[in-house]
Protein chains: 2
Amino acid sequence: MRIGELAAATSTTTKTLRFYEDSGLLPHAKRTAGGYRDYGREAIARLDFIRRGRAAGLTLAQIREVLDIRDAGTAPCRHVAELLDDRLSALDQQIADLQALRANVAHLRDDAAHANPAECEPEDVCRYL
Amino acid sequence: MRIGELAAATSTTTKTLRFYEDSGLLPHAKRTAGGYRDYGREAIARLDFIRRGRAAGLTLAQIREVLDIRDAGTAPCRHVAELLDDRLSALDQQIADLQALRANVAHLRDDAAHANPAECEPEDVCRYL
DNA sequence: ATGGACCTTCCAGTGCAGGAGAAGGTCAAG
DNA sequence: CTTGACCTTCTCCTGCACTGGAAGGTCCAT
């Protein structure tokens, strides 16, 4: 499989695949006589793994950590669970922050809606954020 | 108030304050005879506003949008309410996205937690992400 | 043998939110 | 009058995850 086919099969781009190789997420691909990268089908599974990790909000560095453990021949289940726990905490915090902000903005919006435009001072806009 | 005092009062840095001025988040400060920036107390309130927005995950561009409307001075409340409605919709979408992501990550994490490490083969790693 | 699709490497830029450090100016204390 | 803290502008650097483009090589059909 050449790089373009792999890119199409994984809904990504050749640029991204070369970038992943440079970043150590994909092993150095073997080459054809003409110097083209030649991928096996396992590359698709690896890229699906990377894609799922990205979708879960992991950084490429975190994904590489997991892949490195796997490539060393050890099962990274425990490590994956830890990474996901960290990610859950971060998400909970982020959600709580956004909900607090939403409440503030909603309050501010109500005030803006009910205020008499004639007596609406610019300074009032920022009272609640 | 000089830039260092303002930075200390708002738990930020002089670098950040100059960057905010360049970015249009802070107005051009008036200068002392020696060319130093000279801030009034209202700068602290403005930076607190920026800090709270940042803490809740807003971008500087989004914060600037709100500040620009305030700075227009003549900002009609109706217009502000419209802007805030847009912001509320965006926040609701963002919260919903994060909650969906959280559910996904929690599900993945549970799978990883219930796996028996002894029978977890390296090839299985993809199951958990 | 030629055209076009695809590939190669290398260099550079994007957007975000600043941070590092150089070269020099200002100000108050000793 | 000098020292040291603080300030000025300036240019470049950071990390993240790519993206774009130039210059050239390969492969396959016509």
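Predicted model only: the values in this text are computed from it and were never measured. Chain identifiers are assigned alphabetically (A, B, ...) following the order of the sequence lines, protein sequences preceding nucleic acid strands; residue numbering begins at 1 within each chain.
Here Y20(A) pairs with T16(A), L25(A), L26(A), L47(A), I50(A), L60(A) under the side chain to side chain contact (heavy atoms under 4.5 Å, CB included) rule; sequence neighbours left out. In this view, R18(A) satisfies the salt bridge (Lys or Arg N to Asp or Glu O under 4.0 Å) rule with no residue, not counting sequence neighbours. Residues meeting the side chain to side chain contact (heavy atoms under 4.5 Å, CB included) test with A9(B), sequence neighbours left out: I44(B).
Side-chain atoms of R54(A) come within 3.5 Å of backbone atoms of L58(A) as a donor-acceptor pair (strictly under, hydrogens ignored). Of the possible polar contacts, one joining the S89(A) side chain to the D85(A) backbone as a donor-acceptor pair under 3.5 Å is found. For D38(B) (side chain) and R2(B) (main-chain N/O), no donor-acceptor pair under 3.5 Å exists by modelled atom type.
Annotation: the span from L91(A) atom CG to L98(A) atom CG amounts to 10.5 Å, rounded to 0.5 Å.
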Nucleotide-resolved protein contact map, nucleotides 10-20 of chain D, B/S/- at heavy-atom distance under 4.0 Å: -------BBSB
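The bend of the helix from dA1(C)-dT30(D) to dG30(C)-dC1(D), defined by the angle between the axes of its first five and last five pairs, stands at 30° to the nearest 10°.
Nucleotide dT8(D) holds its P atom 11 Å from the CG atom of L6(B), rounded to whole Å. One can place CG of D38(B) at 14 Å from C1' of dC6(D), the figure rounded to the nearest angstrom. Rounded to a whole Å, the OH atom of Y39(B) is 16 Å from the P atom of dC6(D). To the nearest angstrom, P of dC7(D) lies 12 Å from CE of M1(B). Atom NE2 in H28(B) sits about 14 Å away from atom P in dT8(D), given to the nearest Å. Atoms CG (D22(B)) and C1' (dT9(D)) sit 10 Å apart, rounded to a whole Å. Atoms CZ (R37(A)) and C1' (dT26(D)) sit 14 Å apart, rounded to a whole Å.
For the pair I3(A) and Y36(A), the minimum side-chain heavy-atom distance is 4.5 Å or more. Annotation: side chain of Q99(B) is in contact with side chain of I95(A) (closest heavy-atom distance under 4.5 Å). Contact of the F49(B) side chain with the V66(B) side chain is registered, since non-hydrogen atoms from C-beta on lie closer than 4.5 Å.
Between R31(A) and dT9(C), a side-chain N or O to OP1/OP2 separation shorter than 4.0 Å is present. Taking 4.0 angstrom as the limit, R18(B) places a side-chain polar atom (N or O) nearer than this to OP1 or OP2 of dT8(D).
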For nucleotides 27-30 of chain C, give me every protein contact, N/O to N/O, under 3.5 Å, one pair per line with atom names.
unit_1  : atom_1 : unit_2 : atom_2 : d
dC27(C) : OP1    : G34(B) : N      : 3.4

Salt bridge (Lys or Arg N to Asp or Glu O under 4.0 Å) between R46(B) and D71(B), intermediate numbers included: CA-CA 11 Å; R46(B) 196 177 179 95; D71(B) 292 342; 2.6 Å; yes
